[in-house]
Amino acid sequence: DMARQARRPHQCYAEGLDERHLRQLTLVRDLQGAAQNGELTLVYQPQLEMRSGHLVSVEALMRWRHPELGFIPPDEFIILAERSGLIQGMTAWMLETVCAQLAAWEAEGMPLAVAVNLSAQDINDPGLPGRIADCLARQGLSSAHLRLEITESAIMQDPEHASEQLTRLRETGLRIAVDDFGTGYSSLAQLKRLPVQELKIDKSFILRLAESPDDEIIVRSTIELAHNLGLEVVAEGVETPASRVLLEALGCDLLQGYLFSRPLPPDELLTWARTRRSCPTGAAP
Ligand code: C2E
Ligand code: MG
Ligand code: MG
Ligand code: MG
């Protein structure tokens, strides 16, 4: 029962309720109705193919505007949703919204693939592969339209089980990426056993890439490792022309970051893509 799980923090923090805990309680309480109240939206950030510069996919990122508290960052509310058992309902809403959006873009002559973020609780949900297939089928979409991003740390909570679940998702034709790679201490052997096609290097290694020789060594060897395992590599957090140049030299396959675009609402993404298509060299802002 989602509501009962969401109320559980009251008991833990009954004594010494400080401001931070009060905020968390408020957020968990209000998150329960956020999707139905229209407070959740999705923004989409371009992922560009390095060699061609083409827009190949976008990452869907959730936004929550709380009626009183304003914009709440996902790094704050996603963790609360995971801990309170609300994330699965939010993921269901997100998948519905993404599939409807994909169909709308296709109708506008802009066929795209969307990468969605899944939490550990989502992967553990045995009903997920079927629900994803339903969502796609209802909009008349193939599985090539949807990609899954799962953080290295979510996988490493229970690597054996995650590997089984990812295999079932993979069997439905979905492409899977390990997100925030480099922050979760997975071993080479574990990585090789996972049914994944893509590594996303965490932005903490990319943001200062051109100024940090340490980061460059890490990124260089990660790309080499991934390619040797037959995986494609995405860099997130590409903010400067200098890091872009370096990533091109290192052979990174896909680039994502503020240098190209911030995450955008669907209509702005369409405008961005159309402007870019008519002026393909205008990659920098
Ligand atoms: P993530 O999946 O690693 O997403 C990438 C984050 O990096 C996004 O933050 C994006 O806005 C940010 N980013 C992209 N390019 C740049 C850049 O050039 N510079 C900087 N400084 N940041 C950049 P955001 O949107 O705040 O999301 C944070 C995290 O929240 C995501 O990290 C993901 O783990 C989680 N999240 C967001 N939406 C969802 C969702 O629908 N479901 C789940 N389970 N998690 C989500
Ligand atoms: Mg992601
Ligand atoms: Mg990431
Ligand atoms: Mg992240």
Side-chain angles (χ1 to χ4, degrees), residues 31 34-35 39-48 57-65 71-99 101 113-125 128 132 135 146-155 157 162 175-184 196 198-210 215 219 222 233-244 246-247 252 254-265 268-269 272 283-285:
L31 207 43
E39 295 165 20
L40 296 182
T41 54
L42 294 177
V43 287
Y44 299 87
Q45 188 177 32
Q47 300 180 324
L48 306 176
S57 48
V58 293
E59 178 175 9
L61 295 157
M62 210 180 278
R63 295 292 179 259
W64 181 22
R65 190 167 292 280
F71 171 74
I72 315 291
D75 283 328
E76 182 174 13
F77 73 79
I78 293 289
I79 260 191
L80 295 175
E82 289 172 348
R83 287 190 194 144
S84 59
L86 293 168
I87 193 72
Q88 276 147 300
M90 291 162 65
T91 299
W93 170 85
M94 183 267 288
L95 289 167
E96 291 286 343
T97 310
V98 161
C99 288
Q101 188 59 63
V114 175
V116 299
N117 293 284
L118 295 180
S119 295
Q121 291 86 340
D122 296 315
I123 327 171
N124 290 336
D125 175 359
L128 184 74
I132 291 179
C135 256
L146 205 61
R147 301 170 175 203
L148 309 179
E149 296 191 0
I150 298 136
T151 62
E152 188 185 15
S153 53
I155 292 170
Q157 283 181 24
R175 184 184 170 91
I176 304 174
V178 180
D179 205 349
D180 298 355
F181 186 76
T183 61
V196 299
E198 196 173 283
L199 282 195
K200 274 192 96 168
I201 304 178
D202 191 68
K203 61 176 176 290
S204 60
F205 303 106
I206 306 296
L207 289 171
R208 285 166 305 279
L209 183 62
D215 288 349
V219 170
T222 303
V233 186
V234 186
E236 63 176 23
V238 185
E239 288 191 353
T240 64
S243 51
R244 176 199 188 170
L246 207 49
L247 286 162
C252 190
L254 289 163
L255 307 176
Q256 176 180 353
Y258 295 169
L259 175 65
F260 309 102
S261 173
R262 292 189 174 255
L264 299 171
E268 286 179 42
L269 180 85
W272 182 90

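In each ligand, atom 1 is the first atom listed, and ligand 1 is the first ligand listed.
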(request) Specify the closest pair of heavy atoms between Leu95 and Val116, including all atoms of both residues, with the distance to one decimal. (result) CD2-CG2, 4.2 Å
(message) Please determine whether any non-hydrogen atom of Arg63 lies less than 4.0 Å from an atom of ligand 1.
(response) yes
(message) Counting only heavy atoms closer than 4.0 Å, does ligand 1 sit against the backbone of Leu207, its side chain, both, or neither?
(response) side chain
(request) With heavy atoms only and a cut-off of under 4.0 Å, state how Glu82 meets ligand 1: side chain, backbone, both or neither. (result) neither
(request) Look at Asn117 and state whether any of its N, O or S atoms is less than 2.8 Å from the Mg ion (ligand 2). (result) yes
(message) Report whether any nitrogen, oxygen or sulfur of Glu236 sits less than 2.8 Å from the Mg ion (ligand 2) (N, O or S, backbone or side chain).
(response) no
(request) Flag Thr151 as yes when one of its N or O atoms lies below 3.5 Å from any N or O atom of ligand 1, and as no otherwise. (result) no
(message) Tell me whether Pro74 has any N or O atom under 3.5 angstrom from an N or O of ligand 1.
(response) no
(request) For Leu207 and Gly237, work out which heavy atoms get closest and say how close. (result) CD2-O, 3.5 Å
(message) Please give the atom name: the N, O or S atom of Glu59 nearest to the Mg ion (ligand 2).
(response) OE2
(message) With a heavy-atom distance limit of 4.0 Å, tell me whether Lys203 approaches ligand 1 through its side chain, its backbone, both, or neither.
(response) side chain
(request) Say whether Glu59 and ligand 1 are in contact under the criterion: heavy-atom distance to a ligand atom below 4.0 Å. (result) yes
(request) Measuring from the Mg ion (ligand 2), name the closest N, O or S atom belonging to Asp179. (result) OD2
(request) May I ask which of Tyr258, Trp93, Phe260 has a heavy atom nearer to atom 23 (C) of ligand 1 than the others do? (result) Tyr258
(request) Have a look at ligand 1 and work out which part of Leu259, if any, has a heavy atom under 4.0 Å from it: side chain, backbone, both or neither. (result) neither
(request) Could you say whether the N/O atoms of Asp122 and ligand 1 ever approach to under 3.5 Å? (result) no
(message) Does ligand 1 come near enough to Ser119 that some N or O of the ligand is less than 3.5 Å from an N or O of the residue?
(response) yes
(request) Enumerate the atoms of ligand 1 whose separation from the nearest heavy atom of Gly257 is less than 4.0 angstrom. (result) 15 (N), 18 (O)
(message) With respect to the Mg ion (ligand 3), please indicate if Glu149 possesses an N, O or S atom at a distance under 2.8 Å.
(response) no
(request) Verify the distance test for Asp180 against the Mg ion (ligand 2): any N/O/S atom under 2.8 Å, yes or no. (result) no
(message) Looking at every heavy atom in both Gly182 and Phe205, which two are closest together, and how far apart are they?
(response) O-CZ, 3.5 Å
(message) If the threshold is 4.0 Å, N to carboxylate O, is there a salt bridge linking Lys200 and Glu236?
(response) yes
(message) Under 2.8 Å from the Mg ion (ligand 3), is there any N, O or S atom belonging to Asp202?
(response) no
(request) Would you check the N or O atoms of Gln256, main chain and side chain alike, for any that come under 3.5 Å of an N or O of ligand 1? (result) no
